[in-house]
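Structure, as structure tokens:
Letters A, B, ... mirror the listed sequences (proteins, then strands); counts begin at 1. Computation of the quantities below employed the complete heavy-atom set of this structure, encompassing side-chain atoms and omitting hydrogens, waters and symmetry-equivalent molecules. Remember, predicted model here, so these are calculated numbers, not experimental data.
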There are 2 protein chains.
Amino acid sequence: MRADARDNRERVLRAARAAFAEHGAQASLNKIAQSAGVGAGTLYRHFPTLGALLVAIIGDDVAALCEKGRDLLGHESPAEALRTWLRAVAVHATAMRGLVAARLAVPPAPHADAALAACQERIRATGAALLERAQRDGAVPGDIGIADLLTLVNAIAWVSEQAPDDEYLLDRLLALVRGMEPSAHEEGT
Amino acid sequence: MRADARDNRERVLRAARAAFAEHGAQASLNKIAQSAGVGAGTLYRHFPTLGALLVAIIGDDVAALCEKGRDLLGHESPAEALRTWLRAVAVHATAMRGLVAARLAVPPAPHADAALAACQERIRATGAALLERAQRDGAVPGDIGIADLLTLVNAIAWVSEQAPDDEYLLDRLLALVRGMEPSAHEEGT
DNA sequence: CCTCAAGCGGAGAGCCTCTCCGGTTAGGGT
DNA sequence: ACCCTAACCGGAGAGGCTCTCCGCTTGAGG
């Protein structure tokens, strides 16, 4: 890749990050290109689909989430580890203002780019490990599947995003999920 | 209201119902007007905002849902009554293809029309009665609030809508909500 | 039958996404 | 050091969207 191309790519990415943080899914790609100081054509050449742009933006976050998940596998309380991680997933999804939710929420992801699907899979695998541990521990019912659980968490993140005023909505809704009750018995203090 | 105006209003409503059923929230108001055989101006005169059009379309459904709720208050199992009703709410929200979810999901509803808010309130009141009964029965934990519960159901409806292929997703996700476990103990067969 | 307010509809402004292609330029080969 | 070309750029423009405005049409009361 030519140096100028790499440069433009970076600029677009920075502008996109800012635009998504400010306007959420409603951000205009037009304006992203403009505020990055490139033409629309350049934006679309680097990121042919919205999904491609997304993956480039959230790639690092996904990696961080997976690492956090691995760390949490060593946490003393399997149930609390799962809860903590799912909350992190939700917060991350919310930070992306529904954009991620809309694309990552549902496993089959109709028009998903391969890269987007890969992100999903990494999240899923990390979650599966945490969930399985919590289930072996008996703290979470065995009939719960990781895919549905993540879908539900994404839905919660999305809806919380619709009510930015209510900062505790996310936690209240997460607490409504089976196995996610906050102050569970296993603490026994 | 003049007879021709009433006529046009009806035609728009029919076209809108069809369009939302087919294309969901992505339906173009332009095309609705066109397929109703009226100009865009006519559509916007009758329904100044998307919310107004929505209320006109779902008004009947909301009434039906409330009536169903009242009937279910007489059901032998309070928990099952609540489950049944929430599922009906979710199915209705799904049928409207996310449109309702996007507007009705969150109680404060930022730009909500008064009429839309009234719909929400009627649903909320009906749900509150069913929930309270189930909680008195001890079948549903007492720390659950109806507003959050409905928000969560709307979120589930929305996300299910994103995966139209998976027809059981809605039920699986509902089953992940505390107090909504399907084959609960109270059946005792 | 006449009048005129109520109602109509489509042109158009101002957004958006996404494509296309002629002009520009980086940087490897000589 | 210079040239050549493939890679890259950007913006004009097509086509679609929402929503407004206003001159024309028409239902229906007097």
Side-chain angles (χ1 to χ4, degrees), chain A residues 1-57 96-100 102-103 110-113 115-116, chain B residues 1-57 96-100 102-103 110-113 115-116:
Chain A
M1 177 180 292
R2 255 165 57 170
D4 54 345
R6 166 184 300 271
D7 220 57
N8 275 333
R9 194 174 189 282
E10 286 301 317
R11 288 229 301 281
V12 168
L13 233 34
R14 264 199 303 277
R17 233 185 286 266
F20 285 143
E22 185 174 359
H23 302 106
Q26 273 67 46
S28 149
L29 297 187
N30 244 359
K31 288 186 176 167
I32 289 176
Q34 194 175 346
S35 90
V38 305
T42 301
L43 187 153
Y44 282 96
R45 195 167 341 94
H46 284 296
F47 308 102
T49 70
L50 186 57
L53 182 51
L54 254 186
V55 168
I57 287 180
M96 281 298 109
R97 301 272 214 130
L99 246 186
V100 180
R103 311 260 155 178
H111 330 290
D113 311 59
L116 206 47
Chain B
M1 177 181 289
R2 258 165 54 169
D4 55 344
R6 167 184 300 272
D7 220 58
N8 275 332
R9 192 174 191 283
E10 286 301 316
R11 289 230 301 280
V12 168
L13 233 33
R14 264 199 304 276
R17 234 184 286 266
F20 286 142
E22 186 174 358
H23 302 107
Q26 273 67 47
S28 148
L29 297 187
N30 244 1
K31 287 187 177 166
I32 289 176
Q34 194 176 345
S35 91
V38 306
T42 301
L43 186 153
Y44 282 96
R45 197 167 338 95
H46 284 295
F47 308 103
T49 69
L50 186 57
L53 181 52
L54 253 187
V55 168
I57 287 180
M96 281 298 109
R97 301 274 214 128
L99 247 187
V100 180
R103 311 261 156 178
H111 330 290
D113 311 59
L116 205 48

Protein-nucleotide distance (B:Leu53, atom CG; D:dC19, atom P), rounded to Å
11 Å
In terms of the nearest nucleotide of DNA chain D, which residue is placed more toward the 5' end: B:Arg2 or B:Pro48?
B:Pro48
Give a yes/no on whether any side-chain N or O of B:Lys31 is located under 4.0 angstrom from OP1 or OP2 of D:dC17.
yes
A:Arg9 and A:Met1, any side-chain heavy atoms less than 4.5 Å apart
yes
In whole angstroms, the gap separating C1' of C:dT17 from CG of A:Leu50 amounts to 11 Å
Figure out the CZ/P separation between A:Arg6 and C:dA26, and round it to whole Å.
16 Å
What distance separates B:Leu43 CG from B:Gln34 CD, expressed to the nearest 0.5 Å?
12.0 Å
Given atom CD1 of B:Ile32 and atom P of D:dC17, what is their separation to the nearest angstrom?
11 Å
If only side-chain N and O atoms of A:Asn8 are considered, is one of them under 4.0 Å from the OP1 or OP2 phosphate oxygen of D:dC9?
yes
Give the rounded distance in Å between these two atoms: CZ of A:Phe47 and P of D:dC8.
13 Å
Within this structure, what is the CG-CZ distance for the pair A:Leu54 and A:Phe20, rounded to the nearest 0.5 Å?
5.5 Å
Which is true for A:Asn30 with a 4.0 Å heavy-atom rule: it touches a base, it touches only sugar-phosphate, or it touches nothing?
base
Measure from NE2 on B:His23 to C1' on D:dC17 and round the result to the nearest Å.
14 Å
Of the candidate nucleotides D:dA7, D:dT26, D:dG10, which contains the atom at the shortest distance from the side chain of A:Thr42?
D:dG10
How would you label the contact of B:Ala40 with the nucleic acid (heavy atoms, under 4.0 Å): base, sugar-phosphate, or nothing?
base
Against the side chain of A:Leu29, the closest entry in D:dC8, C:dT17, D:dT26 is C:dT17
Specify the separation, in whole Å, of atom CE of B:Met1 and atom P of C:dA5.
19 Å
Most 5' of B:Tyr44 and B:Gly41 on DNA chain D, judged by nearest nucleotide:
B:Tyr44
Whole-Å distance, A:Asp7 CG to C:dT25 P, equals 15 Å
Under a 4.5 Å cut-off applied to non-hydrogen side-chain atoms, are A:Leu29 and A:Phe47 in contact?
no
Establish, with yes or no, whether the OP1 or OP2 oxygen of D:dC8 is under 4.0 angstrom from a side-chain nitrogen or oxygen of A:His46.
no
For B:Ile57, is there any backbone N or O sitting under 3.5 Å from a side-chain donor or acceptor partner on B:Arg17?
yes
Nucleotide of C:dG9, D:dC9, C:dC18 approaching B:Arg45 most closely (side-chain heavy atoms)
C:dG9
